[in-house]
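Computed from heavy atoms alone, side chains included, the values below leave out hydrogens, waters and symmetry copies. Below, read A as the first sequence line, B as the second, and so on, with proteins coming before strands; counting in each chain starts at 1.
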2 protein chains.
Amino acid sequence: MSERVVPAAARRRRRPTKQGVVLSEELIVETALRLIEEHGTEALSVRRLGRALGADPSSLYRYFRHTDDLMLAVADELIGRTMRTWRPSGDWRTDLRDLGLRMHAGALAHPRAAVLSAYRVTGRVYEIQAVEAILGVLRGAGFPDAEAVRIYHAYVDQALAFGALDSANTALPKPARDAEAAVWQATYARLPSDTYPHIAATARYLVATMRHSSYPAALDLLLSAAAARLAEIRGSAEG
Amino acid sequence: MSERVVPAAARRRRRPTKQGVVLSEELIVETALRLIEEHGTEALSVRRLGRALGADPSSLYRYFRHTDDLMLAVADELIGRTMRTWRPSGDWRTDLRDLGLRMHAGALAHPRAAVLSAYRVTGRVYEIQAVEAILGVLRGAGFPDAEAVRIYHAYVDQALAFGALDSANTALPKPARDAEAAVWQATYARLPSDTYPHIAATARYLVATMRHSSYPAALDLLLSAAAARLAEIRGSAEG
DNA sequence: ACCTTATGACAACACCGTTGACCTGTTAAG
DNA sequence: CTTAACAGGTCAACGGTGTTGTCATAAGGT
């Protein structure tokens, strides 16, 4: 053993697989993403990925230390794709709203990766660029550094957390999701108004909104609060 | 097979295990929670739980259809514990803040259950009570129904999402967590200020805040925005 | 006291991630 | 052009997982 994984830059001997495929970090990451896209969250295992690539599962351990490492790479690629298509307009609130929704959408498109990337710091290129960009928007808007960091942190974690939450839900096997919907219709919509007055009174709204993610609403609340804070700051700076 | 699981109410023959334990849904749920508490997230598997109970793993399938069902039961018990110790004061903002922090803390204490309960509707007793209580606080504060539901949804999902996010992080094996911390210190704190001016400028704040959960900050932002919205509503109602 | 049957136990299945030992084609040095 | 080193692919195995079909038995109603 000693060191099984060789850093991508130092790779030289491109020996093809028995089935003729030439492996690479990128090919593996792409295939993993494709697998998740096509066959859902649970389709991703080292063994299946090996099969999809036309390589022995254990070969992957020449490129990634564990499954986790692989998932971090996938996660970073995801961040990269989101950032690559983002064009800041100059208005901080619009930009952060837009970016938040993009990150959320990206997460939904790749549920399993989203869950992993949400609670891990990849420390890879794209992640760093994203951090820089968001901090830039906030500081550009006039938030003082400490405040910018505080809001940055809440903003990013919120996007990641909702992304993970909603995509975990998305990734449920179909019967389970149907069961969820049924619970709302069957259980919550029919609770008696004497024991559960508040639920009964709002049942129609509840059933309607529960279908959609609450992320946009939560995001708007956060941005409103930030805007209010900024107005305060500007006011006291002038006064 | 046909139907392996018998509803709790209909159980009659309390046959003890080979090792002399009398199983029950409650005992299983409690043991599962204890196992998570004592030996961390990964200590929970059907087989280990069976061992801890002194029963064959397959016996558990007489009580729960799959692991998932079991986890939902665990999740609901968690909600129950949180609600049982909550004493509303009458001030909506204080109460929601308090409850949010409690839910978050509860999630952190039981990482694996938190992750599961975050994206599932249990439809069980305690969950329903929680929904009723929160809606009650919001409507009592004067939010009109549609608005109350919108805020309820964002509030709950945010609590669950951050709970899951932070507890997933908590549940990382120790070496992985140390690695995370190292990434912040080693990578982010040392980026050159010419290519990453915003990160460099705020590095000290970044490193400091990244240690703590951003949930309290996010919660406060959400509640501020809700308060602002409420003031607006009251204003237009009077005017 | 008997019979039914709920419920526990057993054994097996198909999967999983990971690793140590082995083998071989590529490549760089002579 | 040959050759030797070794990166990188393969194989087989380990110990784990959730789940299920089948069997055995003690509890409880009659």
Side-chain angles (χ1 to χ4, degrees), chain A residues 1-28 31-32 35 39-72 112 116 173 175-176, chain B residues 1-25 27-28 31-32 35 39-72 74 112 116 173 175-176:
Chain A
M1 277 280 300
S2 76
E3 208 35 85
R4 191 157 219 148
V5 177
V6 168
R11 298 194 166 270
R12 331 206 93 230
R13 316 203 174 169
R14 326 312 341 280
R15 144 134 77 144
T17 280
K18 249 191 171 176
Q19 300 184 35
V21 188
V22 175
L23 295 179
S24 71
E25 196 175 313
E26 294 143 30
L27 179 62
I28 296 174
T31 308
L35 224 55
H39 307 297
T41 279
E42 320 176 336
L44 198 66
S45 71
V46 177
R47 299 176 113 102
R48 266 200 255 249
L49 182 51
R51 227 179 294 139
L53 280 162
D56 189 273
S58 66
S59 299
L60 304 185
Y61 288 86
R62 300 276 180 212
Y63 294 83
F64 302 94
R65 272 209 252 291
H66 6 257
T67 328
D68 231 75
D69 266 29
L70 166 60
M71 293 310 303
L72 287 185
R112 174 130 178 212
L116 247 171
Chain B
M1 276 279 300
S2 78
E3 207 37 83
R4 192 158 217 148
V5 177
V6 169
R11 295 195 168 270
R12 331 206 91 233
R13 315 205 174 170
R14 327 313 342 278
R15 146 130 81 145
T17 280
K18 249 192 171 175
Q19 298 185 36
V21 187
V22 175
L23 295 178
S24 70
E25 197 175 312
L27 179 62
I28 296 175
T31 308
L35 224 54
H39 308 296
T41 280
E42 320 176 335
L44 199 66
S45 72
V46 178
R47 298 174 113 100
R48 267 202 255 249
L49 182 51
R51 227 178 292 139
L53 280 162
D56 189 272
S58 67
S59 298
L60 304 185
Y61 288 85
R62 300 277 179 209
Y63 295 82
F64 301 95
R65 273 208 251 290
H66 2 258
T67 328
D68 229 75
D69 267 29
L70 166 61
M71 294 310 302
L72 287 186
V74 171
R112 173 132 180 213
L116 248 170

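- Here the straight-line distance linking atom OH of B:Tyr61 with atom OG1 of B:Thr67 works out to 4.5 Å at 0.5 Å rounding.
- In this structure, CG of B:Asp68 is placed 17 Å from P of D:dT17, rounded to the nearest angstrom.
- Not counting sequence neighbours, the partners of A:Ile28 by the side chain to side chain contact (heavy atoms under 4.5 Å, CB included) test are A:Leu49, A:Leu53, A:Leu60, A:Tyr63, A:Phe64, A:Leu70.
- B:Met71 places its CE atom 11 Å from the P atom of D:dG18, with the value rounded to the nearest Å.
- Using a 4.0 Å heavy-atom distance criterion, A:Tyr63 is classed as a sugar-phosphate-only contact.
- Atom CG in B:Leu49 sits about 17 Å away from atom P in D:dG16, given to the nearest Å.
- If you measure from atom CZ of A:Phe64 to atom C1' of C:dT18, you get 16 Å, rounded to the nearest angstrom.
- Taking side-chain N and O atoms only, A:Ser59 has no distance below 4.0 Å to OP1 or OP2 of D:dG8.
- Out of D:dG9, C:dA9, D:dG18, the shortest distance to the side chain of A:Leu23 is found at D:dG9.
- Closest to the side chain of B:Lys18, from the set D:dT17, C:dG17, C:dA9, is C:dA9.
- Among all heavy-atom pairs drawn from B:Val21 and B:Gly54, the shortest one is CG2-O, 4.3 Å.
- For the atom pair B:Glu25 CD and B:Asp69 CG, the distance stands at 9.5 Å (nearest 0.5 Å).
- Contact annotation for B:Pro16: backbone-only contact, meaning every heavy-atom pair under 4.0 Å involves sugar-phosphate atoms and none involves a base.
- Proximity note for A:Arg48 (side chain, C-beta onward) versus C:dC16, C:dA9, D:dG9: the nearest is C:dC16.
- Judged by distance alone, the side chain of A:Thr31 and the main-chain N or O of A:Leu27 form a donor-acceptor pair under 3.5 Å.
- Minimum heavy-atom separation, A:Met71 to A:Leu44: SD-CD2, 3.6 Å.
- Distance, B:Arg62 CZ to D:dA27 C1': 15 Å, rounded to whole Å.
- For the helix from C:dA1-D:dT30 to C:dG30-D:dC1, the rotation axes defined at the first and last 5 base pairs enclose an angle of 10°, given to the nearest 10°.
- Once rounded to the nearest 0.5 Å, the distance linking CZ of B:Arg62 with CZ of B:Arg15 reads 9.5 Å.
- Taking each heavy atom of B:Pro57 and B:Val46 in turn, the nearest pair found is O-CG1, 3.7 Å.
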Identify the pairs formed between an N or O of the protein and an N or O of nucleotides 11-13 of chain C at a distance under 3.5 Å, and give each distance.
none

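- Interface remark: the A:Arg15 side chain does form a donor-acceptor pair with the D:dG8 base, using a distance-only criterion of under 3.5 Å.
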Between B:Leu23 and B:Ser59, is the side-chain contact (heavy atoms from CB on, under 4.5 Å) condition met? List the steps. CA-CA 9 Å; B:Leu23 295 178; B:Ser59 298; 4.1 Å; yes
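- Residue B:Thr17 has no polar side-chain atom (N or O) positioned under 4.0 Å from OP1 or OP2 of C:dG8.
- Closest contact between the side chain of A:Ala55 and the listed nucleotides D:dT10, C:dG17, C:dA9 involves D:dT10.
- B:Thr67 comes within contact range of the sugar-phosphate backbone alone, with a heavy-atom separation under 4.0 Å but no base atom that close.
- A distance-only check finds a donor-acceptor pair linking the side chain of A:Ser45 to the backbone of A:Arg48 [under 3.5 Å].
- Computed from coordinates, the B:Leu60 CG to D:dG18 P distance equals 10 Å when rounded to whole Å.
- What separates OH of A:Tyr61 from C1' of C:dC22 is a distance of 19 Å, to the nearest Å.
- The distance between atom CG of A:Leu44 and atom C1' of C:dG17, rounded to the nearest whole Å, is 12 Å.
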